[in-house]
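Bear in mind the structure is a predicted one, so any value in this text is a computation, not a measurement. Counting starts at 1 for both ligands and their atoms, following the listed order.
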Amino acid sequence: MSANGSDHKTNLQESAKRHMWLHFSRMAAYAGHDMPTITRGEGPYVYDEKGKRYLDGLAGLFVSQIGHGRAEVAEAAARQARELAYFPLWSYAHPQAIDLAERLSGMAPGDLNRVFFTTGGSEAVEAAWKMAKQYFKLTGEHGRYKVLSRDIAYHGTTMGALAVTGLSAIKGPFEPMLQGGVRVPNTNFYRAPSFVADDVNAFGVWAADEIERAILREGADSVAAVFLEPCQNSGGCFPPPPGYFQRVREICDRYGVLLVSDEVICAFGRLGYYFGSQRYGYQPDIITFAKGVTSGYAPLGGMIASDRLAEPFLHGETSFLHGVTFAGHPVSCAVAMANLDVFEKEDLLGNVRSNEAAFRATLEQLYDLPIVGDVRGDGYFYGIELVKDKATRETFSDDESERLLRGYLSHALFGAGLICRADDRGDPVIQLSPPLTCTQEHFTEIEQILRGVLTEAWSRL
Ligand SMILES: Cc1ncc(COP(=O)(O)O)c(C=O)c1O
């Protein structure tokens, strides 16, 4: 039975430990201590059940662009639930989805004008891959089904999205994977191969050309799409080298491969633009989005496809054979509209653009610590790579990484009042992605907490 009444707070932990099953979490780790429980949020801060305040340096999970506790967005949700709580997008439309689809089409680059809604990012990736496959069946290129994506890139966890994901560590238990996922190198310049390590332009050419080599190796007529994040999250923020995406675009055009920009994290202001592809100046065939479209006030995701891709689906008896019950939920669409209103009213893109240099400069102050090897990213999206030896860039052994990240850093950062992510799915990194409302005072707070905790971490090694 669930706990309630005056002893609710006491029972919360007991109940959580008995009934909750957290995502990507070692449940055994909670046996000896409390499960962190966040009860409310306000601006860039959240509070736990004991009232302790945390700076939400990860925007929840790259989600809360406008920050927490916005009454106008909550009210938009309540109004919509009263008017029309639910109706499916299977054969029907509703005004909230129509309005949002039109607004997103107006914001998206080029001829990306058709919005297919989902409830989140993995479903968006699934939908994009399925649509690409069906598109090629419809246009007579029956052999195209494979997808290229980059090493260590995370594209979601459902079986299709997992096959696109480049993290072998989270795939093992679910083998065999769906056929057709092919890996290419990512754009981690800090760990570039020696023959291009001194020249970021040459590195970009090499990394893009690896996509061409993979297409040729697999057989161009078997490749449907390449999925790339504008700035790759997993591994700790790998921005594209100059010219990378322009070259990838040319390669995709040369071989008739679709370029999918997976912007589940990078859209909605994270990089100072509505879409990450706009920041880096390339034209995708499909954009996948989720997270920041609602700033988390309700779940929503989707893909935006070009008119060219939608065209074969718009005739005769053809339909895209795919759908999800809660996709484009009216409450979520109303929330997305209210969220985007906040973006406009407060010029959040402008805030990111005018403050991002200060954010970077503040994080770069950490370079005086021996453990900080690389600070990288763009906009309000940064990774800090931790190293054992700055001069040689030697990384930590698995054992050291385990002790450092799970044994110490994650708890210590949380204990010091900063929510961020200490991750070792690639090399050990700390990831930061604060709400887009943050300014220098928050950057300073992040830097101060990181400085204290990383100094202590180094002394424990
Ligand atoms: C680039 C990217 N694609 C897809 C996903 C999956 O999104 P979701 O967790 O909403 O299914 C994520 C999640 O973090 C992501 O970062």
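Put simply, the side chain of Tyr297 gets close to the backbone of Arg70: a donor and an acceptor are under 3.5 Å apart.
Within 4.0 Å of ligand 1, heavy atoms belong to protein residues Gly120, Gly121, Ser122, Tyr154, His155, Gly156, Glu229, Asp262, Val264, Ile265, Lys291.
A cation-pi arrangement is present between Arg425 and Tyr154 under the rule of less than 6.0 angstrom and at most 45 degrees off the ring axis.
The shortest distance between side-chain heavy atoms of Glu123 and Thr158 does not fall below 4.5 Å.
Applying the side chain to side chain contact (heavy atoms under 4.5 Å, CB included) criterion to Asp424, with sequence neighbours excluded, gives Ser401, Leu405, Arg406.
The distance from atom OG of Ser64 to atom CG of Asp56, rounded to the nearest 0.5 Å, is 5.5 Å.
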*Begin from the C-alpha positions of Val324 and Thr119 and carry the test side-chain contact (heavy atoms from CB on, under 4.5 Å) through to its verdict.*
CA-CA 8 Å; Val324 187; Thr119 68; 4.2 Å; yes
